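These numbers come from a predicted model, not from an experiment.
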Amino acid sequence: MAVGIILLSIFFVICIISLLFFLSYNHFQEYIIRINEAEVSIDSVLRKRFDLLNKATDFIKEVTEEDTVLPTVISLRSQKLSNIELDKQLYPAIEEFQSYAEKYEKLKENEGYVKTQINLMESESEIVALRKYYNDISKEYNKLIKSFPSNLVALIKKYSKKELYEERKEKKSLLEELKA
């Protein structure tokens, strides 16, 4: 009888440990799916922004008659970057785009420039919201990796901490710059 109680206790403990493992595993999977969805959305907006700037080189060349315009965009063409790195690199490219309008007044009257500026403004508000969503989910995911008992699941499944997007903390936001 004592052996039966011990075996039943061991079985009960194994069931509880298994249940905790599967609950934690499913929790991780939920976050991984949400993070992947956010990454796809961010990738889409970043590629749209890059394409806008890439196409802008043509009409900027026409108006300014310079041989090389938007060197940051041109250098990005040959690089394979993560979303986080591309996000960091696009801001200097957008600032370059803005600087041409300051140098060449007739560029502000160009239809392509105006459309690009409007699309960049729209994509900026979109990317800010997506980055916040991604960072919020990733912070929760990173907490799961560090807290017990889910950290055991993370260790077993080799889940690693997610990198977060940096928030832009400048005097003037990009939206304000683009509206100017």
Visitor: Salt bridge or not between Lys143 and Glu140? Use side-chain N to carboxylate O under 4.0 Å.
Guide: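 Yes, Lys143 and Glu140 are salt-bridged.
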Visitor: Determine whether Leu46 and Val40 fall in the same hydrophobic cluster, where Ile, Leu, Val, Met, Phe, Trp and Tyr are linked whenever their side-chain heavy atoms lie under 4.5 Å apart.
Guide: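 No; tracing contacts between hydrophobic side chains, which count when under 4.5 Å, never links both residues.
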Visitor: Arg131 and Asp87: side chain to side chain contact (heavy atoms under 4.5 Å, CB included), yes or no, with the steps?
Guide: CA-CA 10 Å; Arg131 267 195 308 251; Asp87 186 50; 2.9 Å; yes
Visitor: As an exercise, state the distance from CZ of Phe148 to CG of Leu152, rounded to the nearest 0.5 Å.
Guide: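 It comes to 5.0 Å.
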Visitor: When Phe97 is tested against each of Tyr104, Tyr113, Tyr91 for ring-ring contact (aromatic ring centres under 6.0 Å, His included), which residue passes?
Guide: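 Of all the options given, the one that passes is Tyr113.
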Visitor: Could you check Tyr25 against Lys157 for side chain to side chain contact (heavy atoms under 4.5 Å, CB included), going step by step and ending with a plain yes or no?
Guide: CA-CA 9 Å; Tyr25 176 78; Lys157 299 302 285 178; 3.5 Å; yes
Visitor: Please test Ile5 against Ser9 for side chain to side chain contact (heavy atoms under 4.5 Å, CB included), starting from the C-alpha separation and ending with a verdict.
Guide: CA-CA 6 Å; Ile5 292 174; Ser9 297; 4.2 Å; yes
Visitor: Any salt bridge between Arg34 and Glu37, counting N to O under 4.0 Å?
Guide: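 No.
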Visitor: Is a side-chain donor or acceptor of Gln79 paired with a backbone partner of Ser75 at a separation under 3.5 angstrom?
Guide: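 Looks like yes, one N/O pair under 3.5 Å.
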Visitor: Distance check, rounded to the nearest 0.5 Å: Thr116 atom OG1 versus Met121 atom CE?
Guide: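 That separation rounds to 11.5 Å.
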Visitor: I need the Ile118 CD1 to Leu52 CG distance, nearest 0.5 Å.
Guide: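 Rounded to the nearest 0.5 Å, the CD1-CG separation comes to 11.5 Å.
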Visitor: Could you check whether atom NZ of Lys132 has more than 12 heavy atoms from other residues, nucleotides or ligands sitting under 6.0 Å from it?
Guide: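 12 or below, so no.
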Visitor: Please determine whether a side-chain nitrogen of the Lys or Arg among Glu124 and Arg49 lies less than 4.0 Å from a carboxylate oxygen of the Asp or Glu.
Guide: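 Here Glu124 pairs with Arg49 in a salt bridge, since their nearest N and O are under 4.0 Å apart.
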Visitor: Please check if the side chain of Asn142 supplies one atom and the backbone of Ser138 the other of a donor-acceptor pair under 3.5 Å.
Guide: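 Here the side-chain-to-backbone pair exists.
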Visitor: Around atom CD of Glu111, are there more than 12 heavy atoms from other residues, nucleotides or ligands closer than 6.0 Å?
Guide: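 No - once you tally the heavy atoms of other residues, nucleotides and ligands closer than 6.0 Å, there are 12 at most.
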Visitor: Step by step, would you call Gln117 with Gln98 a side chain to side chain contact (heavy atoms under 4.5 Å, CB included)?
Guide: CA-CA 9 Å; Gln117 190 173 23; Gln98 290 297 96; 3.9 Å; yes
Visitor: Check Asp51 with Arg47, please: is the shortest side-chain N to carboxylate O separation under 4.0 Å?
Guide: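 Here Arg47 does not pair with Asp51 in a salt bridge, since their nearest N and O are not under 4.0 Å apart.
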Visitor: State yes or no: do Ile156 and Tyr31 share one hydrophobic cluster built from I, L, V, M, F, W and Y residues joined by side-chain heavy-atom distances below 4.5 Å, directly or via other members?
Guide: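 Shared cluster, yes.
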Visitor: Just by modelled atom types, is the Lys115 backbone N or O under 3.5 Å from a matching donor or acceptor in the Asn119 side chain?
Guide: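 Yes, Asn119 side chain to Lys115 backbone: donor-acceptor pair under 3.5 Å.
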Visitor: Please check if the side chain of Ser24 supplies one atom and the backbone of Phe21 the other of a donor-acceptor pair under 3.5 Å.
Guide: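 Such a contact is absent between Ser24 side chain and Phe21 backbone.
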Visitor: Nearest 0.5 Å, please: how far is CD1 in Ile84 from CD1 in Ile42?
Guide: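 One gets 8.0 Å once the value is rounded to the nearest 0.5 Å.
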Visitor: CG/Asp43 to CG/Asn36 distance, rounded to the nearest 0.5 angstrom?
Guide: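 Rounded to the nearest 0.5 Å, the CG-CG separation comes out at 12.0 Å.
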Visitor: Just how far is it from atom OG of Ser150 to atom CG of Leu20, taken to the nearest 0.5 Å?
Guide: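 Separation between the atoms: 10.5 Å.
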Visitor: Between Leu81 and Val45, is there a shared hydrophobic cluster once you connect ILVMFWY residues whose side-chain heavy atoms come closer than 4.5 Å?
Guide: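 Yes; Val45 is reachable from Leu81 via cluster members.
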